[in-house]
A.B. asks: 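Can you keep this structure in mind? I'll have questions shortly.
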2 protein chains.
Amino acid sequence: MSITSDVIRGHTEPIILAHLIDGDSYGYQINKEIMEKTNNLYELKEATLYSAFRRLEEAGLILSYWGNENVGARRRYYAITDKGREAYQDYKKDWENAKSIINSLLK
Amino acid sequence: MSITSDVIRGHTEPIILAHLIDGDSYGYQINKEIMEKTNNLYELKEATLYSAFRRLEEAGLILSYWGNENVGARRRYYAITDKGREAYQDYKKDWENAKSIINSLLK
DNA sequence: CGTAGATACATCGCCTGTCAAGGTATATAT
DNA sequence: ATATATACCTTGACAGGCGATGTATCTACG
């Protein structure tokens, strides 16, 4: 059983940030690793991924630069900023909070 | 710290169903009890609540009837259906699932 | 009596994140 | 040649949440 769009809403950004905490990466790879991590239970759709990158960059939580591959398709790498790390901690608190609220309302 | 709209998305319906499992109720009361249960951390907005009622009723997960109050404002009561109970169990599984997926992606 | 506040329902229209569909380009394998 | 994998990106539709607004009833207060 996979995860629904509604439930995932709002978690895309923290998921990306969490990934970037381990080091710079690029869209295609982030996508693949998330699928692997979840045993294909959750696939971040490309359109969702790229629109999240735009929002994160505009908010100053990540920054991007082109890789200098001389073979294969070009890659746009993303790096998390200090502001991004802070935001991630906030996100995490929100999530812990939301979890306990939702848990208390379902039974 | 309250809960964000994005994170709550998709949980409104199961929250209402969970409430109705304990017995029939009406909008205003459901709203109040949810606030109490969460110590005012989460307030289901009225517009959200009523639109969820419409969806749930249209999907056959709840049904509604007017109370026979002879004083005060009229109340529209809601009751959960068998189909609603089944749907609630599915929702719960989805939630357990989503929780573990999200947890595995944040750290 | 007027008015404020609680109870109770409802709708309209905007906002925002997700995603299906479509597109581009490079490299490798058959 | 053609398919597949890698890698990026945009557009437009969709749906749920919610601010704003409206209605009606009852109680309390001065």
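First the proteins, then the strands, lettered A, B, ... as listed; each starts at 1.
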A.B. asks: Return the value, rounded to whole Å, for the distance between atom CG of B/L49 and atom C1' of C/dA10.
C.D. replies: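 That distance rounds to 11 Å.
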A.B. asks: Would you mind reading off the distance between B/Y28 atom OH and C/dA10 atom C1', rounded to a whole angstrom?
C.D. replies: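 About 15 Å, once rounded to whole Å.
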A.B. asks: Over how many whole Å does the gap from B/I3 atom CD1 to D/dG16 atom C1' extend?
C.D. replies: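 From B/I3 CD1 to D/dG16 C1': 15 Å.
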A.B. asks: Determine whether a donor-acceptor pair (one donor, one acceptor, N or O, separation below 3.5 Å) exists between the side chain of A/R9 and the base of C/dT16.
C.D. replies: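 Checked by distance alone, the answer is yes.
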A.B. asks: Kindly say if B/K32 contacts the phosphate of C/dT7, meaning a side-chain N or O under 4.0 Å from OP1 or OP2.
C.D. replies: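 Looking at the OP1 and OP2 atoms of C/dT7, one of them is under 4.0 Å from a side-chain N or O of B/K32.
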A.B. asks: Would you kindly give the CD-to-C1' distance between A/E57 and D/dC9, to the nearest whole Å?
C.D. replies: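 Value for this atom pair: 14 Å.
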A.B. asks: Determine whether the aromatic ring centres of A/Y50 and A/F53 lie less than 6.0 Å apart.
C.D. replies: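 Centroid separation for A/Y50 and A/F53: below 6.0 Å.
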A.B. asks: Categorize A/Y42 for me: base, sugar-phosphate, or nothing, with a 4.0 angstrom heavy-atom threshold over every strand shown.
C.D. replies: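 If one applies the 4.0 Å heavy-atom cut-off, A/Y42 turns out to touch nothing in the nucleic acid.
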A.B. asks: For a quick check of understanding: with a heavy-atom distance under 4.0 Å over all strands, which category does B/S51 fall into, base, sugar-phosphate or nothing?
C.D. replies: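 It contacts nothing in the nucleic acid.
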A.B. asks: Can you see if the side chain of B/R75 gets near the phosphate of C/dA8 - specifically, an N or O under 4.0 Å from OP1 or OP2?
C.D. replies: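 Checking B/R75 against C/dA8: at least one side-chain N or O falls below 4.0 Å of OP1 or OP2.
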A.B. asks: In terms of relative ring orientation, are B/H11 and B/W95 parallel, tilted or perpendicular, with 30° and 60° separating the classes?
C.D. replies: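 Perpendicular: the ring planes of B/H11 and B/W95 meet at over 60°.
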A.B. asks: Select one nucleotide: of D/dC8, C/dA10, C/dT18, the one nearest the side-chain heavy atoms of A/W66.
C.D. replies: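 The listed nucleotide nearest to A/W66's side chain is D/dC8.
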A.B. asks: Quick one: on DNA chain C, does A/G10 or A/G72 contact a more 5' nucleotide (nearest heavy atom)?
C.D. replies: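 It is A/G10, whose closest nucleotide lies nearer the 5' terminus.
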A.B. asks: Would you mind telling me which residue lines up with the more 5' stretch of DNA chain C, A/E13 or A/A47, judged by nearest nucleotide?
C.D. replies: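 This one resolves to A/E13.
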A.B. asks: What integer distance in Å separates B/K45:NZ from C/dC15:C1'?
C.D. replies: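 So the two atoms are 15 Å apart, to the nearest Å.
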A.B. asks: Can you tell me how far P of C/dT7 sits from CD of B/E69, to the nearest Å?
C.D. replies: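 After rounding, the reported distance stands at 14 Å.
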A.B. asks: How would you label the contact of A/E46 with the nucleic acid (heavy atoms, under 4.0 Å): base, sugar-phosphate, or nothing?
C.D. replies: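 Since a base atom lies under 4.0 Å of A/E46, the category is base.
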A.B. asks: Dump the intermediate steps for salt bridge (Lys or Arg N to Asp or Glu O under 4.0 Å) on B/E96 and B/K99, then the final yes or no.
C.D. replies: CA-CA 5 Å; B/E96 295 303 329; B/K99 241 195 309 188; 3.4 Å; yes
A.B. asks: NA contact type, B/T48, heavy-atom cut-off 4.0 Å: base, sugar-phosphate, or nothing?
C.D. replies: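 Since a base atom lies under 4.0 Å of B/T48, the category is base.
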A.B. asks: Tell me whether the OP1 or OP2 atom of C/dC9 has a side-chain N or O from B/Y50 closer than 4.0 Å.
C.D. replies: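 So the side chain of B/Y50 is within the cut-off, an N or O lying under 4.0 Å from OP1 or OP2 of C/dC9.
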A.B. asks: Phosphate oxygens OP1/OP2 of D/dA7: is one of them under 4.0 Å from a side-chain N or O of A/Y26?
C.D. replies: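 The answer is yes; a side-chain N or O of A/Y26 sits under 4.0 Å from OP1 or OP2.
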A.B. asks: Are A/L17 and A/I62 close enough that some pair of their side-chain heavy atoms sits under 4.5 Å apart?
C.D. replies: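 Yes. Closest side-chain heavy atoms under 4.5 Å.
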A.B. asks: Would you call the rings of A/Y65 and A/Y77 parallel, tilted or perpendicular, where under 30° means parallel and over 60° means perpendicular?
C.D. replies: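 It falls in the parallel class, under 30°.
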A.B. asks: Should A/T12 be listed as having a side-chain N or O under 4.0 Å from OP1 or OP2 of C/dT18?
C.D. replies: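 So the side-chain polar atoms of A/T12 do come within 4.0 Å of the phosphate oxygens OP1 or OP2 of C/dT18, strictly under.
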A.B. asks: Starting the side chain at C-beta, find the nucleotide from C/dA20, D/dG17, C/dA10 nearest to B/R54.
C.D. replies: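 Between C/dA20, D/dG17, C/dA10, the one nearest the side chain of B/R54 would be C/dA10.
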